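Worksheet for the structure shown next.
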Number of protein chains: 2
Amino acid sequence: MTLLRDEGLTTDRPAGPAGLTDEELAVWRMLQRAQVHITRHLEAELLVAHGLPLASYDVLTQLAEAPDRRLRMNDLAGRVLLSRSGLTRLIDRLQRDGLVAREACASDARGLFAVLTDRGAARLTEATPTYLRGIRSEFLDLLGPGEIRLVREMLAKLPITAAP
Amino acid sequence: MTLLRDEGLTTDRPAGPAGLTDEELAVWRMLQRAQVHITRHLEAELLVAHGLPLASYDVLTQLAEAPDRRLRMNDLAGRVLLSRSGLTRLIDRLQRDGLVAREACASDARGLFAVLTDRGAARLTEATPTYLRGIRSEFLDLLGPGEIRLVREMLAKLPITAAP
DNA sequence: CTTAGAACGTTGCACGGACACCTAAACAGC
DNA sequence: GCTGTTTAGGTGTCCGTGCAACGTTCTAAG
C-alpha cells in the first residue's frame with residue numbers, strides 16, 4: 001500500500017472522509033480473496049464430481065426451493081445474480097441436459113416458467129452433499145459457531161436486497 | 001431450503017457431519033450475494049468514471065505497491081487471482097493503452113517484468129478515490145469499526161495463501 | 001377501441017477468462 | 001558437453017456473460 005500511503009489515501013489511524021485505514025483496506029482485500037478462493041474450490045469440485053457449474057447448481061437450488069419447483073425467468077435471474085440474457089443461455093443448457101424445462105405461463109403470455117425436472121432434482125440431490133461439504137471445509141470449519149452468528153448479524157445490515 | 005431440509009441435509013439445530021444448519025447456509029449465501037453486489041458496484045463505477053475494469057485496477061495497484069513498480073508475470077498472476085493466460089491478455093490491453101510496459105529480465109531470459117508506466121501511475125492515482133469511496137460506501141460504512149476488526153481476525157484464519 | 005408505453009424473454013455481438021498446447025530458456029544428471 | 005525435465009510466458013480455441021436491440025404481449029390513457 002506504499003503508493004496509496006504516499007498519496008495520503010490510506011493512513012495508519014484516523015480514517016479521513018474518503019481515505020481508508022490500512023486495516024480497512026486489508027479487510028476488503030482479504031474478503032475478496034477468500035470469496036474467490038472458496039468459490040473456485042466449490043466450482044471445481046462440483047464440476048469434476050457432477051459436471052455441474054456453480055451457476056447451474058444455484059439455479060437448480062432456487063427452483064427446488066420455489067413453490068411448485070418453478071420460477072419465472074426474470075424472477076430467477078434476480079435470485080442467482082445473473083443478467084436476463086445470461087439466464088436465458090444457462091437455462092438453454094440446463095434444458096438441453098434435461099435438468100429443467102420451460103413452461104408457458106397461463107396468466108401472462110409473455111412469461112415463461114423454468115421448471116425443475118425430476119432429473120434435475122435428482123442431479124441436485126446428488127450434488128448437494130459435495131456442495132455442503134465444500135462450504136463446511138473451506139469456510140465454516142475455519143470459523144467458530146459464535147463467529148458465524150456474528151457474520152450473520154453483520155451481513156444482515158448490508159442492503160443486499162435485490163439485483164440491479 | 002425446503003428441498004434440502006426434506007432430505008435431511010439441513011437442520012434447525014444440530015449440524016451433522018455433512019449437514020449444515022439453516023443459519024450456516026444462509027450466512028454463506030449472504031456472503032456470496034454481498035460480495036457480488038459490492039464487486040459489481042465497484043466495477044461499474046471504475047468503468048464509467050475512468051474506463052478501468054476492476055481487474056485492471058487490481059493489476060495497477062499491485063504494480064504500484066511492488067518494489068521498482070515491476071513484477072514478474074507469473075508472480076503478478078498469483079496476486080490478482082488470474083490465470084497466466086488471462087494475465088497475458090490483460091497486460092496486452094494495458095500495454096496498448098500505455099499504462100504498463102513489458103521489460104525483459106536480465107537474470108532470466110525467460111522472464112518478463114510488467115512495469116507500471118507514469119501514465120499508469122497517474123491513471124491509478126486518478127481512479128483510487130473512486131475505488132476507496134466505493135468500498136467505504138458499499139461496505140465499510142455499513143459495519144462498525146469493531147466489526148471490521150473482528151472480520152479481520154476471522155479472515156486471518158482462512159488459508160488464503162496462494163492461488164491454485 | 002386505439003395507441004403509447006412498459007415489461008418479459010430472446011438474440012447478435014463483443015469481451016474477458018480458462019484450458020490445453022507450444023516455444024524458449026534454465027536446470028538436472030550423467 | 002549432451003539430454004531429459006521443469007519453468008516462464010504466449011497462442012488457439014472455446015465457453016460464459018453483459019449490453020443493446022428486437023419482437024411480443026400486457027397495461028394505461030385518451
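Quick caveat: nothing in here was measured; it's all calculated off a predicted structure. Below, chain A is the first sequence line, B the second, and so on; all start at residue 1.
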Is there a donor N/O on one and an acceptor N/O on the other, under 3.5 Å, for the side chain of [X] and the base of [N]?
X	N	answer
Ser83(B)	dC19(C)	no
Thr88(B)	dG9(D)	no
Arg110(B)	dT7(D)	yes
Arg89(A)	dG9(C)	no

Tyr57(A) vs Leu42(A) side-chain heavy atoms within contact, under 4.5 Å |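 Of all side-chain heavy-atom pairs linking Leu42(A) with Tyr57(A), none is under 4.5 Å.
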Might you point out which heavy atoms bring Leu87(B) and Ala77(B) nearest each other, and give the distance in Å?
->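 Shortest heavy-atom contact: CD2-N, 3.5 Å.
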Between Ala109(A) and Pro53(A), name the one whose nearest nucleotide on DNA chain D is closer to the 5' end.
->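 Looking at DNA chain D, the more 5' nearest nucleotide goes with Pro53(A).
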Whichever of Ser107(A) and Leu90(A) has its nearest DNA chain D nucleotide further upstream toward 5' |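 First, find each residue's nearest nucleotide; the 5'-ward one identifies Leu90(A).
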Whole angstrom is fine here: how far is it from [atom1] in [X] over to [atom2] in [N]?
X	N	atom1	atom2	answer
Arg70(B)	dA8(D)	CZ	P	19 Å
Leu87(A)	dT10(C)	CG	P	8 Å
Leu112(A)	dT24(D)	CG	P	15 Å
Arg93(B)	dC15(C)	CZ	C1'	8 Å
Arg72(A)	dT10(C)	CZ	P	11 Å
Asp108(A)	dA6(C)	CG	P	17 Å
Leu46(B)	dG16(C)	CG	C1'	17 Å
Met73(A)	dT17(D)	CE	P	13 Å

Would you call Arg123(B) and Asp97(B) a salt bridge, taking side-chain N to carboxylate O under 4.0 Å as the test?
->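 No, Arg123(B) and Asp97(B) are not salt-bridged.
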Any side-chain donor-acceptor pair under 3.5 Å between Thr39(B) and Gln35(B)?
->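 Gln35(B) and Thr39(B) do have a side-chain donor-acceptor pair below 3.5 Å.
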Hey, what do you get for CE (Met30(A)) to CD (Glu23(A)), rounding to the nearest 0.5 Å?
->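 Going from CE on Met30(A) over to CD on Glu23(A), the span is 10.0 Å.
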Options dG17(C), dA8(D), dT10(C), nucleotide nearest the side-chain atoms of Arg84(B) |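 Within the option list, the nearest is dA8(D).
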